[in-house]
Structure formats: structure tokens, C-alpha cells
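So the structure is just underneath, and the comments pick up after that.
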There are 2 protein chains.
Amino acid sequence: MQEHIDRPTLILNAAQSLVQTQGYNAFSYADIAARVGIRKASIHYHYPSKSDLGKALIVRYRTRFRQDLTLIKQERCNAFHKLERYVGLYSTVLQNEHHMCLCGMFAAEMETLPQAMKEEVQGFFAEHVAWLTAVLEEGLRTKTVTYNGSAEAEAQSLLAGLEGAMLVGRSYATASWFEAAAHQMLVRLQASPS
Amino acid sequence: MQEHIDRPTLILNAAQSLVQTQGYNAFSYADIAARVGIRKASIHYHYPSKSDLGKALIVRYRTRFRQDLTLIKQERCNAFHKLERYVGLYSTVLQNEHHMCLCGMFAAEMETLPQAMKEEVQGFFAEHVAWLTAVLEEGLRTKTVTYNGSAEAEAQSLLAGLEGAMLVGRSYATASWFEAAAHQMLVRLQASPS
DNA sequence: GTCTATAAGATGATAGAC
DNA sequence: GTCTATCATCTTATAGAC
């Protein structure tokens, strides 16, 4: 049942895992080569420079996340449940070998990244804030979500909370740190049934 | 009026700024040497290995932050205002050349750090959660702060929100990203006068 | 497409003169 | 304490054989 996975994908998989655990500046082509079982030169054939690889990493990550967001949006469930599902996406990332959000990690290293990568990272966050803002507005209308102030500010606050909870929670061995903080954010947003 | 600042301090200052903007793995002794105007070997005299330097960085950062927390705690103001002051500390760090929280940056790179540094980073966060938990409990008693659930979970959530708001906000050029998210967190915690 | 070989430069770190 | 000089190793990247 073992699927054939092409080289470029295997390289991206290894690279993504390395970025999410150690950061973009902390891994080398040698690390990927060791994990995939090929030579460094072969990686350069598929991704000539490290920034090409980095760019491809974010593009794929954004595409996958965009699909998840679209799926959640289409689900027949209320806005609060959509937020729960959204938080679940982050929980899943973290539970997978204590991975940090790829773009959260890139955000930390932002100043050292080539321009093409910076723009992708900014696009990721802008996209998520826009998605969250829409869901929060829907939640207010349908009275399944509660908050004060603008939906956009609340979206920024929630996104910040989740990225920060991954960041800090990852520095501890216990997985519960993230879960406690994230649960607190969700409960706060839940409208009490009237 | 120019004070004499000793070499070890000048080295720490340069190193701290480099970590807060680029990360621990992205700067080298050569970068510090260029900024301070000395040679690489001189840095090794004061801090033999990079991990010695890293450790000294966190110890100083924790000490300074601890002094700030003690000062805020002693102020004659209500618990909500203490939280405002706490948020102000992060705002100040970020406004200083878009610096990320030193320990937030280290948290991202956690897996690549030597054990001695890891423990310092964990200690930093544990200390802040403990301080926030106490203030949040006081706020609930004195009715200046409002939240549901345990004070500790709320403390984790706030700390995560602030670290995350710095992380994401820093990836944009605009300073307002952090301010909007942080303001949202504060307003949410403020008890309405009865 | 993948390999070996190699380049050119950066990295953390040390020895020893001053 | 700071310097020059040097080290071994690692880094991204390329040339060319297979």
C-alpha cells in the first residue's frame, strides 16, 4: 500500500519538518539529504537555491491551509463550531512532532528571509485574518459567537493567541500548555444560549 | 554625558539586538564584532562559547523583566491597570526597532538550543504565568478584571496572545497590528463598573 | 536525475604575540 | 584584554561524469 512519492515532494516534506522544528536558518541541505537518503547536489537539481525551496514550502503550506479553510467554511455548522475546527487545525500541527506553524516560524526569522518569502508569509496571515473576520462576523449575526470591538481586531487577537500558544507551548514538553490556552480562547468566544 | 559602558555589556547589547531581530542561529560573532567595533577573538575572551553568550543574554533579560514585574506589582493601582502596564512592557520591546521578545525568539529556536538555555527560557515563561495568575486572581477579587475559567489558563492565554501578536505583528511593517490585537485582549479583560 | 568532486566563503573556536 | 593568524568544519552552490 506504500504510495510512490516523487522526489520533490519528499524533499519538501523533509524540509518542512526541519523548518517547523528548528527554523529556516538552522537546517542545511545536508540535513535534508540525510533524511531523504539522497545527495546534496540532487536537492539543488530540484530546488536550485535555498530560497527557491523556502518559497515552495510556503506556497504549498498556504495552498493546503486554504483548502482546509474552504472546507470548514462549507461545512453545515455554526460559526462557533467553525472556530473550534480552526483551532483544531493548529492543534493537529502541534501534535505532529511538536511542529510550530510553518509561517509562525518564518515570522520569527522574517528579517533574514528573501523578499519573495516575506511576501508569502504576510499573505498567509492576511488570508487567515480575513477568513477569521468573516466567520466572527457571521457568528455575531447568528448569535453563536460573542466578542466586543471589531471582528478584525478579534481575528487578529485570536490568530495571535494561537500562534503564541504554539510558540510558548512548544518550549515545554507538555502538550497541555497549548490546549489550556486555546480552550480558554474558545470558551471566551462562545455565546451563552439565551 | 556619555557613560562608560564596559565591553561585556556592549557585547551583550549587540547580541541581544541581533537575537531579537534575526534569531540565535542567524547571527555570528562576526556580526557582533562589526557592531561593537572589536575583533571576534575579543568576544571569545568574554564569552568563550556562543552558548555562554546565549545563557548570559537570557539571565540578564530575565533579571530586568523581573525588576519590571516587581515594580508593577508594588504600584498603587488596581489589577487591571497592572495588566495594562504589563502589556505596555511588550509594546515597548516591539517599538524598539521591531524587536521580538528575546525569549519568544528563543522559544521558536528551542530545539536547537543547548540545555542550559532551554531551562532559562522555560523559567522565563513559568515566571510570567505565575505573575499574571496572581494579578488575574487579585483582579477577580477586587472586581477590576473579568474572565471565566482558571486564572492560570487565562494567564497562559494572555501571555500566548502577547507573544503571538509580537510574532505576527513584526512580520508586517505596520506597528498597529500588535496594538490592535493587544488592545482587544485588554478590553476583554476589563470589568465593567457596576 | 543522481552522483562525485570541488569551489568560495562563513562559522565557532583556539594559540600565541603584544 | 585585544590583537593577528590559523584551524577544522560546515554552508550554499556549481561543474561535469554517468
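Letters A, B, ... mirror the listed sequences (proteins, then strands); counts begin at 1.
Look at B:Ser28 and you'll find a side-chain N or O under 4.0 angstrom from OP1 or OP2 of C:dT11. One finds no side-chain N or O of A:Arg7 lying less than 4.0 angstrom from the OP1 or OP2 phosphate oxygen of C:dG1. An OP1 or OP2 oxygen of D:dC3 is reached within less than 4.0 angstrom by a side-chain nitrogen or oxygen of B:Ser42.
Scored by the side-chain contact (heavy atoms from CB on, under 4.5 Å) test, A:Pro48 finds A:Asp52 as partners (sequence neighbours excluded). Every residue two or more places apart in sequence or in another chain was checked for a side-chain contact (heavy atoms from CB on, under 4.5 Å) with B:Ala34, and none qualifies. Annotation: side-chain contact (heavy atoms from CB on, under 4.5 Å) contacts of B:Ala56 (sequence neighbours excluded): B:Leu12, B:Tyr47. Under the ring-ring contact (aromatic ring centres under 6.0 Å, His included) criterion, A:Phe80 pairs with no residue, sequence neighbours left out. Applying the side-chain contact (heavy atoms from CB on, under 4.5 Å) criterion to B:Ala155, with sequence neighbours excluded, gives B:Val129, B:Leu132, B:Thr133, B:Leu136.
Applying the salt bridge (charged side-chain N to carboxylate O under 4.0 Å, His left out) test to pairs two or more places apart or on separate chains, none has a residue in residues 11-32 of chain A. Sequence neighbours left out, not one pair with a member in residues 163-177 of chain B passes side-chain hydrogen bond (donor to acceptor under 3.5 Å, both in side chains). Each side-chain hydrogen bond (donor to acceptor under 3.5 Å, both in side chains) pair with one or both residues in residues 53-64 of chain B, not counting sequence neighbours, appears once here: B:Asn13-B:Arg60, B:Gln16-B:Arg60, B:Arg62-B:Glu120, B:Arg62-B:Glu127.
The interatomic distance linking A:Gln22 (CD) with D:dC10 (P) rounds to 15 Å, in whole Å. In this structure, the NE2 atom of B:His46 is 16 Å from the P atom of C:dA13, given to the nearest Å. At whole-Å resolution of the value, CG in B:Leu10 and C1' in D:dG1 are 14 Å apart. When rounded to the nearest whole Å, the span between CG of A:Asp6 and P of C:dG1 equals 9 Å. If you take OH of A:Tyr29 and C1' of C:dG9, they are 17 Å apart, rounded to a whole angstrom. Rounded to a whole Å, the OH atom of A:Tyr47 is 15 Å from the P atom of D:dA13.
Taking every heavy atom of residues 31-41 of chain B and every atom of DNA chain C, pairs under 4.0 Å involve B:Lys40, B:Ala41, by number. Less than 4.0 Å separates DNA chain D from no heavy atom of any residue of residues 12-19 of chain A.
The listed nucleotides are D:dT11, C:dT2, C:dG12; the one nearest the side chain of B:His44 is C:dG12. Side-chain proximity of B:Ala30 to the nucleotides D:dA13, C:dG12, C:dT11 is greatest for C:dT11.
One axis for each end of the helix from C:dG1-D:dC18 to C:dC18-D:dG1, each built from five base pairs, and the angle between them comes to 0° at 10° resolution.
Heavy atoms of B:Phe27 sit under 4.0 angstrom from primed sugar atoms or phosphate atoms, though from no base atom. Within the nucleic acid shown, A:Tyr45 comes within 4.0 Å of at least one base atom, counting heavy atoms only.
Rounding to the nearest 0.5 angstrom, the gap separating the CD atom in B:Glu109 from the CG atom in B:Leu113 is 6.5 Å.
Checked by atom type and distance alone, the side chain of B:Gln190 never pairs as donor or acceptor with a backbone atom of B:Thr144 at under 3.5 Å. With hydrogens and angles ignored, the 3.5 Å screen pairs a side-chain donor or acceptor of A:Thr92 with a backbone N or O of A:Gly88.
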Kindly list each side-chain donor-acceptor pair under 3.5 angstrom involving residues 97-108 of chain B, sequence neighbours excluded, with atom names and distances?
{"from": "B:His99", "atom 1": "ND1", "to": "B:Asn96", "atom 2": "O", "distance (Å)": "3.0"}
{"from": "B:His99", "atom 1": "ND1", "to": "B:Glu97", "atom 2": "O", "distance (Å)": "3.2"}
{"from": "B:His99", "atom 1": "NE2", "to": "B:Ser17", "atom 2": "OG", "distance (Å)": "3.3"}

